[in-house]
Amino acid sequence: MSDYTMTIDGKAVSAPGTFGVIDPATGEVAEQAPDASRGQLDEAMDSARAAFAEWRRDDAARRAALLAAAEQMFARAEEIGRIITLEQGKPLGDATMEVVGAGVWLKYYAGLELPREVIQDDDAAFVEVVRRPMGVVAAITPWNYPLLLATWKIAPALRAGNTVVLKPSPYTPLSSLKLGEVLREVLPPGVLNVVTGGDALGAWMTAHPVPRKISFTGSVPTGKHVAAAAAPDLKRVTLELGGNDAAILLDDADPAAVADRLFGAAFMNNGQVCSAVKRVYVPEALYGDVVDALAAKARAARVGNGMNEGVEYGPINNRPQFERVGALVSEAIAAGARAAAGGRPIDGPGYFFEPTILADVPEDARIVTEEQFGPALPIVKYRDVEDALARANGTNFGLSGSVWGADAERASDVAARLDCGTAWVNTHLALAPHQPFGGFKWSGVGVENGPWGLYGFTELQVLHRSKQ
Ligand code: NAD
């Protein structure tokens with residue numbers, strides 16, 4: 001049995017079976033989560049479809065409900081934060097801020113207007129362009145920011161008048177189950193359903209006849225499966241996928257001045273952020289200083305159980321990811337890279353890995369060419385800016401990137417040549433509810449956040465009234 005219940009049609013629902021949720025700080029099963037049956041998914045979809053008819057009608061009620069949902073997040077931030085730390089591993093302060101962030105997103109969308117644009121009003125016709133909700137949205141989320149990324153979907157989807165069936169990652173189902181439970185008090189039955197299970201449940205959702213839209217955040221390979229599964233009945237898709245963000249330091253960057261922010265942007269959430277800095281390109285003249293400054297930060301980082309006071313970095317979230325990061329680091333070292341800091345798993349239970357800075361990394365090492373999604377950062381030398389840009393852009397990823405230098409104008413000119421959805425100058429990972437976020441190339445399709453994220457949950461309709 002599980003203490004956690006799914007939310008279907010506004011009710012608490014247990015499943016015929018459960019699956020274990022592991023605390024990554026201990027490697028032990030800490031809780032059980034419901035393993036939804038196919039029939040329960042059908043019930044969730046049917047209830048979302050039934051709720052849509054009423055929910056789409058009352059704009060003011062939707063705004064009020066989203067505001068009330070935001071208030072719940074603010075009021076219960078620490079309580080839900082503890083659940084996130086337990087299942088995800090991040091320090092409690094960060095987990096609590098994630099819940100606050102979820103509230104910020106819900107509040108932002110509560111306040112956003114759905115535009116009606118008049119594009120013609122003359123003797124011939126009155127023509128408006130309006131945004132209509134789509135129906136049921138299937139929302140599928142990953143394990144790195146389980147609650148925040150769920151609200152990136154739920155808030156705009158509900159604001160636009162859709163209803164939602166949410167399926168979190170099997171590694172981090174508990175905070176989404178809790179979200180469903182908390183919002184039962186705030187949302188009409190069927191408007192938000194939360195179901196949990198393994199990857200197969202995600203595949204059932206994408207192939208299910210009810211949803212008109214799949215909003216997916218996760219890895220590139222799964223994103224491609226989702227796109228293929230959505231194609232036969234032309235479901236709309238938004239895909240927020242992986243990244244391999246490059247940070248390029250220009251020759252006028254001050255290593256001591258940028259090291260702090262660069263390290264923070266690479267190691268935030270233990271490097272398990274889609275748009276974290278995942279490789280750093282440095283001109284030869286600055287190379288030694290940059291490696292030393294980042295290695296010093298890595299050695300000073302406090303790693304431990306996220307429930308403990310003063311911990312800055314928790315464990316890697318799950319065993320496959322822990323093993324993958326270890327393999328990428330060992331392979332790079334075997335190919336000639338030098339661990340300027342870290343380089344190994346930390347002894348003891350749990351999925352802890354030393355914050356790792358790798359120098360002299362061969363450009364074709366997988367830790368440079370693939371997404372490591374963990375606490376290990378390769379630092380690569382470049383000859384000139386053209387070389388750095390060619391290498392930064394020479395990948396199928398295109399989520400975000402950054403350029404760092406004392407001359408912000410020059411850095412901006414270089415940043416404008418990055419082939420990615422967000423190009424930052426002298427910062428990285430600066431995300432906000434009003435700022436659209438999405439990837440070029442294999443990093444995604446469509447965007448989340450801002451009015452653009454809202455439009456992704458609508459169909460555009462022309463209302464054309466003849467005056468003749
Ligand atoms: P994943 O692709 O393994 O899983 C993501 C979700 O998809 C999970 O809920 C999983 O159960 C589900 N799923 C698995 N197989 C499925 C299928 N065939 N059909 C439908 N759903 C299926 O990703 P992950 O390991 O949980 O997350 C890490 C990845 O997510 C990284 O690549 C990271 O960069 C990416 N990510 C992207 C963003 C972004 O906004 N671009 C944000 C966070 C994470």
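All figures in this text were calculated on a predicted structure; none of them were measured in a lab. In each ligand, atom 1 is the first atom listed, and ligand 1 is the first ligand listed. Note that the numbering runs from 1 along the sequence shown for the chain.
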- Query: Does NZ or CZ of Lys213 lie under 6.0 Å from the centre of the six-membered ring of Phe457, at an angle within 45° of the ring axis?
  - Reply: yes
- Quick one: is the NZ or CZ of Lys153 closer than 6.0 Å to the six-membered ring centre of Trp105, and within 45° of its axis? no
- Item | Partner of Tyr171 under side-chain contact (heavy atoms from CB on, under 4.5 Å), chosen from Pro142, Pro320, Pro24 | Pro320
Contacts table for ligand 1: protein N or O within a distance under 3.5 Å of ligand N or O, distances only.
unit_1: ligand 1; atom_1: 2 (O); unit_2: Ser219; atom_2: N; d: 2.9
unit_1: ligand 1; atom_1: 2 (O); unit_2: Ser219; atom_2: OG; d: 2.7
unit_1: ligand 1; atom_1: 2 (O); unit_2: Thr222; atom_2: OG1; d: 2.8
unit_1: ligand 1; atom_1: 9 (O); unit_2: Thr141; atom_2: O; d: 2.7
unit_1: ligand 1; atom_1: 9 (O); unit_2: Lys167; atom_2: NZ; d: 3.0
unit_1: ligand 1; atom_1: 11 (O); unit_2: Lys167; atom_2: NZ; d: 2.9
unit_1: ligand 1; atom_1: 11 (O); unit_2: Asp199; atom_2: OD1; d: 2.7
unit_1: ligand 1; atom_1: 19 (N); unit_2: Ala203; atom_2: N; d: 3.4
unit_1: ligand 1; atom_1: 23 (O); unit_2: Ser219; atom_2: N; d: 3.4
unit_1: ligand 1; atom_1: 25 (O); unit_2: Trp143; atom_2: NE1; d: 2.9
unit_1: ligand 1; atom_1: 26 (O); unit_2: Trp143; atom_2: NE1; d: 3.2
unit_1: ligand 1; atom_1: 30 (O); unit_2: Gly218; atom_2: O; d: 3.2
unit_1: ligand 1; atom_1: 32 (O); unit_2: Glu371; atom_2: OE1; d: 2.7
unit_1: ligand 1; atom_1: 34 (O); unit_2: Glu371; atom_2: OE1; d: 3.4
unit_1: ligand 1; atom_1: 34 (O); unit_2: Glu371; atom_2: OE2; d: 2.6
unit_1: ligand 1; atom_1: 41 (N); unit_2: Leu241; atom_2: N; d: 3.3
unit_1: ligand 1; atom_1: 41 (N); unit_2: Leu241; atom_2: O; d: 2.7

- Query: Under 6.0 Å between ring centres, would you say that holds for Trp452 and Phe437?
  - Reply: no
- Message: Would Leu166 and Val195 count as a side chain to side chain contact (heavy atoms under 4.5 Å, CB included) here? Give the steps.
- Response: CA-CA 6 Å; Leu166 168 68; Val195 291; over 6 Å; no
- Apply the side-chain contact (heavy atoms from CB on, under 4.5 Å) test between Pro173 and each candidate in Pro146, Pro168, Pro34; give the one that qualifies. Pro168
